[in-house]
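What follows is one structure encoded as structure tokens, with my remarks underneath.
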2 protein chains.
Amino acid sequence: MLINELSKRTGITAHTIRFYEKSGLIKGKRDERIKSNNYFHYDDETVEKLELISDAKSIGFTLSEIGQLMEAWYNNKITIPEKVLLLEEKLRSIDEKIKHLKEMKKMIAEFKKSVEEENC
Amino acid sequence: MLINELSKRTGITAHTIRFYEKSGLIKGKRDERIKSNNYFHYDDETVEKLELISDAKSIGFTLSEIGQLMEAWYNNKITIPEKVLLLEEKLRSIDEKIKHLKEMKKMIAEFKKSVEEENC
DNA sequence: AACAACATTAGAGTATAGTCTATACTTGTA
DNA sequence: TACAAGTATAGACTATACTCTAATGTTGTT
């Protein structure tokens, strides 16, 4: 598929997709048989990758962290123990984030209660 | 206390503290009695606020969201029902974040398992 | 008095993550 | 064939959140 369809399927603008391409997060392929243009062609894996990018971004991972994660996910240049290590690191960082969020939630909930009581 | 002590107490650089001051997140007071300088003086509440900023930032709130939160926390120009609404909104957004993190964690854990099994 | 340490402001610079514009070429449809 | 729609690239622009520098003045210590 071309960039426009990829954009429609993922909800990510063509501009941003090109930005991710330039950043090395995704890779379109050029069709050697077609000489009249040099349009990038994308496969379903790229759709998956863009979805992963969206998800990972929404939980606060930077693009460079997401890049590492996708190395482990899709790339075989990295050894299995290295993959496992990387994934464990990400799991730890997610646990940290969850811990912080829970603390913050408790803090806000307590404060909300005190505000409501003040109200009476 | 002056900016240097505030910085030492919070672990936030004086540069960043001044940036927060300019952004309206904290407010130092000038001592009217002292005419020779116009140094900002900070109280313990500012220490608290800076700690809140650090915490809220670590869980992915933007400075402008943190500003709103601190309006509710410290400011009485906002009515109690408004405060409660704002706090509820932040609680919801934290729950959303936690939900996303848990989904991501599950995904990564499953992938890690499959990588490890592949290893045998 | 000398001098280090600290304070202020203005403004420049950096990193991240886009977002948009201009230019130019290609493709598909009326 | 005209022309709208799609594609590529380079580069400018934006927003957020700092981070640093320069210029200048103040305070505290020897």
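Just so it is clear, the values below take in all heavy atoms, side chains as well, and ignore hydrogens, waters and symmetry mates. Protein chains get the first letters and strands the later ones, always in sequence-line order, with residue 1 at the start of each.
Residue B:Ser36 has a polar side-chain atom (N or O) positioned under 4.0 Å from OP1 or OP2 of D:dT27. At the phosphate of C:dT8, neither OP1 nor OP2 sits under 4.0 Å from any side-chain N or O atom of B:Asn38. Contact between the side-chain N/O atoms of B:Tyr20 and the OP1/OP2 oxygens of D:dC18 is found at a separation under 4.0 Å. Distances shown here put a side-chain N or O of B:Asn37 below 4.0 Å from the OP1 or OP2 atom of D:dT27. Dashed line: the shortest gap from a side-chain N or O of B:Lys57 to OP1 or OP2 of D:dT16 is not under 4.0 Å.
Two residues, A:Lys8 and B:Leu63, neighbour DNA chain D, and the one matched to the more 5' nucleotide by heavy-atom proximity is A:Lys8. Residues B:Asn4 and A:Lys35 both approach DNA chain C. Their nearest nucleotides, taken by heavy-atom distance, put B:Asn4 toward the 5′ side.
Here C:dG18 is the nucleotide among D:dA8, C:dG18, C:dG11 with the atom lying nearest to any side-chain atom of A:Thr16. Side-chain proximity of A:Leu2 to the nucleotides D:dT7, D:dA17, C:dG18 is greatest for D:dT7. Considering only the side chain of B:Arg18, C:dT8 comes nearest among D:dT9, C:dT8, D:dT19. With D:dA17, C:dT21, D:dT26 as the candidates, the nucleotide lying closest to the side chain of B:Tyr39 is D:dT26. Nearest to the side-chain atoms of B:Arg30 among the listed nucleotides C:dC20, D:dT9, C:dT8 stands C:dT8.
Nucleic acid contact for A:Thr62: sugar-phosphate only, since backbone atoms but no base atoms lie under 4.0 Å from a heavy atom of the residue.
Side chain of A:Ser23 to main chain of A:Phe19: a donor-acceptor pair is present (N/O by atom type, distance under 3.5 Å, no hydrogens or angles).
Straight-line distance from the CD atom of B:Glu21 to the C1' atom of C:dA7: 13 Å, rounded to whole Å. Rounded to whole Å, atom P of C:dA7 lies 13 Å from atom CD1 of B:Ile34.
With respect to the salt-bridge test (charged N to carboxylate O, under 4.0 angstrom), the residues A:Glu88 and A:Arg92 do not qualify.
Because its NZ or CZ atom is not both nearer than 6.0 Å to the ring centre of A:Tyr42 and within 45° of the ring axis, A:Lys49 does not count as a cation-pi partner of that residue. The cationic atom of A:Arg30 (NZ for Lys, CZ for Arg) lies less than 6.0 Å from the six-membered ring centre of A:Phe40 and within 45° of the ring axis.
Tested against B:Tyr74, the residues B:Lys27, B:Glu45, B:Glu48 include a single side-chain hydrogen bond (donor to acceptor under 3.5 Å, both in side chains) partner, B:Glu48.
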